2 protein chains.
Amino acid sequence: MSDSLARKTQPLLDESLLTFLPPFSKLESRQIRAILDQATTRRVEEGAAIFDEGAPAERFYLLLDGYVRVVRLSPTGERITALHIPPGQLLGIARALGRTDYPATAVAAAESIVLSWPTRLWDSFAAEYEGFSTETYAVVGKRLEEMSERIMELATQHVEQRVANALVRLINQSGRKVPGGIEIDFPITRQDLSEMTGTTLHTVSRLLSGWEKQGLVKSQRKRIMVCDAHALVVLSQP
Amino acid sequence: MSDSLARKTQPLLDESLLTFLPPFSKLESRQIRAILDQATTRRVEEGAAIFDEGAPAERFYLLLDGYVRVVRLSPTGERITALHIPPGQLLGIARALGRTDYPATAVAAAESIVLSWPTRLWDSFAAEYEGFSTETYAVVGKRLEEMSERIMELATQHVEQRVANALVRLINQSGRKVPGGIEIDFPITRQDLSEMTGTTLHTVSRLLSGWEKQGLVKSQRKRIMVCDAHALVVLSQP
DNA sequence: CGCCAGCTTGAGGAGACTCAACCTAAGTGG
DNA sequence: CCACTTAGGTTGAGTCTCCTCAAGCTGGCG
């Protein structure tokens, strides 16, 4: 492989990027090198789709940096966020679940970097690399768990609890310490929060206003800072 | 293996039982025999648990006949049905998802027959039997899909639509033609339906009463017959 | 025959949605 | 650089769905 091509498709790819990620943690340096050599890197703008619901699953992805929302569209056109994917996880692994198309749309919640491989490599990765498929299915297991959690919430909790819960989860997953509290380190709108919790942006706005008056949160446009996480946790419980 | 032991643990096990089930469809007769020889059969009464949420995942199961509800308990003690498992599917496959305990409780919705194997056999099944793990993960994919469907419903649809939807699904999955309509062929209470749809038994009762007046359904205690499935489908859409 | 799980139905009220109007920060283009 | 545009946000009023509370009914089983 020529230097120029290597630079073009893999400007920052260091083996250490993958070494500590579960699907690759049991692999040798040589194997990781081989995997990286077949990968394509892509920078995704905030709000841009990585792949679309229903499209043929031609590639599978690894989120290196950033944050991804997995969203689906209801028959009436409402967007619902099914789950969130943190850096280091695989996504678009339709192949592993016996599908030939993507079951949902993946949207970058913040500017993100993804690696990707052609789907046809999936089987050889699974066959050749010790632990790759095991670890992948562990991720799938976590997603089932997370979705089951969301079903429980939607079925049993009130909107206020669900929104509080969503905020708590967001600051845990991608909170950044700032003076005065912990900020969600990517842009997030009331609309986004409402899509995560199955409510309307109006209700979310009212809740945030109320909490801001009580000093639990501080928010500007597309920015939310949590000042009193503990109080939110209390609110999120019944 | 002695005749008496064979009869004791495998009174009805014929190879043809598994031949047409996805996880085994690619196997030879000899292999299916080997798998069956290691299986334990169990009859489960209606309402009895096959395994419990949080318990160590010592065995994995195949539902031969009957019907199974996968339920979870909310912190406040409400039961929520996360999904339904039709005959022919594997369940309790925690091992395949990198878990050591069961993530939910499996309850027989009707009298059921399950086969089971010790969890430690999972890896050897996956390694030795062509297609076993692939087909299994296809089932996992379907479950993710189903759960995502439920999230969409809970987030966007009204109670009436969700209950109508649940009924439609039940008659599709396990409807039995009877004079006057299609009956759900296992006992089901208002409470069960409310746990499937995230509502209360009162609301379900009101809805069923209303539909009965309009001739869409007919119900007795623990029995529901759908007379006009099409009308229910219409109700289930927004 | 009495008990009990399952079911029904009414009244009242709270939570959340819809509709509507308006505000404001951050771009955007002249 | 300033006016204009627009996406994002706030807030009020009215309404409706669905829950809660409550009381009573009924079929089946011991």
Side-chain angles (χ1 to χ4, degrees), chain A residues 45-48 74 76-80 107 109-110 153-167 184 186-214 217-225 235-236 238, chain B residues 45-48 74 76-80 107 109-110 153-167 184 186-214 217-225 235-236 238:
Chain A
E45 306 251 339
E46 182 206 328
S74 84
T76 53
E78 290 148 293
R79 272 207 314 274
I80 296 298
V107 175
E153 272 186 36
L154 285 165
T156 64
Q157 300 192 316
H158 286 184
V159 169
E160 180 174 48
Q161 299 167 338
R162 302 206 301 264
V163 175
N165 234 316
L167 273 185
I184 297 169
F186 57 82
I188 184 161
T189 65
R190 313 292 187 252
Q191 173 91 29
D192 293 334
L193 266 174
S194 74
E195 286 169 5
M196 295 169 56
T197 51
T199 180
T200 62
L201 72 148
H202 308 279
T203 301
V204 171
S205 176
R206 280 182 236 274
L207 286 169
L208 286 178
S209 295
W211 293 340
E212 184 142 12
K213 282 197 188 92
Q214 296 167 50
V217 304
K218 262 202 167 56
S219 70
Q220 309 146 40
R221 141 185 287 238
K222 290 200 182 195
R223 294 262 142 222
I224 300 176
M225 180 179 84
L235 276 180
S236 74
Chain B
E45 306 250 339
E46 182 205 327
S74 83
T76 53
E78 289 148 295
R79 272 207 314 275
I80 296 298
V107 175
E153 274 187 35
L154 285 165
T156 66
Q157 302 192 312
H158 285 184
V159 169
E160 179 175 48
Q161 300 168 336
R162 302 206 301 264
V163 175
N165 234 317
L167 273 185
I184 297 168
F186 57 82
I188 183 161
T189 66
R190 313 292 188 254
Q191 173 90 30
D192 292 335
L193 266 174
S194 74
E195 285 169 7
M196 294 168 57
T197 52
T199 179
T200 61
L201 73 149
H202 308 279
T203 300
V204 171
S205 177
R206 281 181 236 274
L207 286 170
L208 285 178
S209 296
W211 293 341
E212 185 142 11
K213 282 195 188 96
Q214 295 167 51
V217 304
K218 261 201 167 56
S219 71
Q220 309 145 42
R221 142 184 285 239
K222 290 201 184 193
R223 293 263 142 222
I224 300 176
M225 179 179 85
L235 276 179
S236 75

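Model, not experiment: these values are computed from the prediction. Letters A, B, ... are given to chains in the order of the sequence lines, protein chains preceding strands, and every chain is numbered from 1.
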For this session: May I have the step-by-step check of side chain to side chain contact (heavy atoms under 4.5 Å, CB included) for A:Glu160 and A:Trp211, ending in yes or no?
Result: CA-CA 10 Å; A:Glu160 180 174 48; A:Trp211 293 340; 3.6 Å; yes

Exercise. Please give, in whole Å, the distance from C:dG6 C1' to B:Ile224 CD1?
Worked result: 12 Å

Exercise. D:dA7 C1' sits how many Å from A:Ile188 CD1, rounded?
Worked result: 16 Å

Problem set entry | Distance (rounded to the nearest 0.5 Å) between A:Lys213 NZ and A:Leu208 CG | 11.5 Å

Exercise. If an axis is fit to five pairs at each end of the helix from C:dC1-D:dG30 to C:dG30-D:dC1, what is the angle between the two, to the nearest 10°?
Worked result: 30°

For this session: Could you please spell out the steps behind the side chain to side chain contact (heavy atoms under 4.5 Å, CB included) verdict for A:Leu167 and A:Leu193?
Result: CA-CA 8 Å; A:Leu167 273 185; A:Leu193 266 174; 4.2 Å; yes

Exercise. Can any side-chain N or O of B:Ser209 pair as donor or acceptor with the backbone N or O of B:Ser205 at less than 3.5 Å?
Worked result: yes

For this session: Assign each of A:Gln220 and A:Val159 to its nearest nucleotide of DNA chain C by heavy atoms, then name whichever residue's nucleotide is nearer the 5' end.
Result: A:Val159

For this session: For D:dG9, take OP1 and OP2 only and decide whether either is under 4.0 Å from a side-chain N or O of A:Arg190.
Result: yes

Exercise. Step by step, would you call A:Ser219 with A:Arg190 a side chain to side chain donor-acceptor pair (under 3.5 Å)?
Worked result: CA-CA 10 Å; A:Ser219 70; A:Arg190 313 292 187 252; 2.9 Å; yes

Exercise. Rounded to whole angstroms, how far apart are CG on A:Leu154 and C1' on D:dC18?
Worked result: 16 Å

Exercise. Which nucleotide, C:dT8, C:dC17, D:dG9, lies nearest any side-chain atom of A:Arg221?
Worked result: D:dG9

Problem set entry | Pair B:Gln191, B:Thr189: side-chain N/O donor-acceptor within cut-off below 3.5 Å | no

For this session: Could you tell me which non-hydrogen atom of B:Leu235 sits nearest to which non-hydrogen atom of B:Gln161, and how far apart they are?
Result: O-CG, 3.4 Å

For this session: Verify the contact: side-chain N or O of B:Thr189 to OP1 or OP2 of C:dG6, cut-off strictly under 4.0 Å; return yes or no.
Result: no

Exercise. What nucleotide among D:dC19, C:dA16, C:dG6 has an atom nearest to a side-chain atom of B:Lys222?
Worked result: C:dG6

Problem set entry | Between C:dG6 (P) and B:Arg223 (CZ): distance, integer Å | 14 Å

For this session: Could you check how far NE2 of A:His158 sits from C1' of C:dC17, rounded to whole Å?
Result: 15 Å

Exercise. Is there a residue in residues 202-210 of chain A whose heavy atoms reach under 4.0 Å of DNA chain D, and which residues are they?
Worked result: A:His202, A:Ser205, A:Arg206, A:Ser209

Seminar exercise, completed: Here the distance between atom C1' of C:dG15 and atom CZ of A:Arg162, to the nearest Å, is 11 Å

Seminar exercise, completed: Rounded to whole Å, the CD-P distance (A:Glu46 to C:dA26) equals 14 Å

Exercise. Which whole-number value in Å describes the distance from B:Leu193 CG to C:dG6 C1'?
Worked result: 13 Å

Problem set entry | Presence of salt bridge, A:Glu195 and A:Arg79, under 4.0 angstrom | yes

For this session: Would you kindly say whether B:Thr197 and B:Thr199 are connected by a side-chain donor-acceptor distance under 3.5 Å?
Result: no

